[in-house]
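The structure displayed is predicted, hence computed values, not measured ones. Counting convention: from 1, in listed order, for ligands and their atoms alike. Computed over heavy atoms, backbone and side chain alike; hydrogens, waters and symmetry mates excluded.
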Amino acid sequence: MTGDLFAALRVPSVERIDDGAIWLRAFADEQVAVLVQAIDQVTAQAPFRQMQTPGGYTMSVAMSNCGELGWVTDRRGYRYQRDDPLSQRPWPAMPDVFVKLAVAAANAAGFDNFMPDACLINRYVPGARMSLHQDKNEGDMTQPIVSVSLGLPATFLFGGNERADKPVRMRLESGDVVVWGGPSRLRFHGVDTLAEGVHELTGQCRYNLTFRKAG
Ligand code: SIN
Ligand code: FE2
């Protein structure tokens, strides 16, 4: 696919979105294949599943986790927990390539001592979306969120501190990383409905890794 040929040739660039919010274009381009392999390994242990919201809706995005803590939602609410509710066993360890990438991206965005203990893995198929929300279940709000996009492109919605604030629309491609922390840590964000497409490494899907210091 022509898009992917050009993707391999992308030049990394850094764009400030707002105070504490940085878009690192092509930051992970060279690691996409290794990251997708690592996702396959993690999700062989802790399979993707569509979780229920507290209000009883089934999320269109399928999720898994790795690291000490994993984000889950069900009728009882949103939270982090040490065990995968499907297996009652600890989430798989965070692969080294994940940790290194997350730390390097946080550093590039000016966050010096980031050490994630949770990585939420999202899988979007065409038609899936994530509505505007804040990441606010984490214990340490001094640490940023590091978000890595893999596979099909998506429109990321980066809003303000209020739900009603009009979001900026960012077209995230495979290998792009967005970091938000400091004054931007509680910004509303979401993902617009994923368009049809086929990516040479992920097929008909987009993966997103979000690294957090949850505990
Ligand atoms: C999230 O907010 O957890 C996911 C963001 C994304 O998929 O880009
Ligand atoms: Fe989020």
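Nearest to atom 1 (C) of ligand 1 among the protein's heavy atoms is Met130 SD, 3.6 Å. Of the protein's heavy atoms, Asn208 OD1, 3.6 Å lies nearest to atom 5 (C) of ligand 1. Considering only non-hydrogen protein atoms, atom 7 (O) of ligand 1 sits nearest to Tyr124 OH, 2.5 Å.
Below 3.5 Å of separation, one finds an N or O of Arg206 facing an N or O of ligand 1. Ligand 1 has no nitrogen or oxygen under 3.5 angstrom from a nitrogen or oxygen of Asp135.
Val99 pairs with exactly one of Val97, Leu101, Val103 by the side-chain contact (heavy atoms from CB on, under 4.5 Å) rule, that one being Val103.
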*Would you please test Leu157 and Arg169 for side chain to side chain contact (heavy atoms under 4.5 Å, CB included) and show each step?*
CA-CA 5 Å; Leu157 308 170; Arg169 297 172 66 84; 3.7 Å; yes

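Under the 30°/60° scheme for interplanar angles, the aromatic rings of Phe156 and Trp180 are found to be tilted.
Near His189, meaning under 4.0 Å from one of its heavy atoms, ligand 1 places the atoms 2 (O). In summary, the atoms of ligand 1 found under 4.0 Å from a heavy atom of Arg212, numbered by their order in the structure, are 3 (O). Listed by number with element, the atoms of ligand 1 under 4.0 Å from a non-hydrogen atom of Asn122 are 1 (C), 3 (O), 4 (C).
The atom name of the N/O/S atom in His189 closest to the Fe ion (ligand 2) is NE2. When distances from the Fe ion (ligand 2) to the N, O or S atoms of Asp135 are compared, OD1 comes out shortest.
In this structure a side-chain-to-backbone donor-acceptor pair under 3.5 Å is present from Ser60 to Arg129.
Looking at Trp23 and Asp176, their side chains do bring a donor and an acceptor atom within 3.5 Å of each other.
A salt bridge is absent between Asp140 and Lys213: the closest approach of a Lys/Arg side-chain nitrogen to an acidic carboxylate oxygen does not fall below 4.0 angstrom. Using a 4.0 Å cut-off between a side-chain N of Lys or Arg and a carboxylate O of Asp or Glu, Arg79 and Asp74 qualify as a salt bridge.
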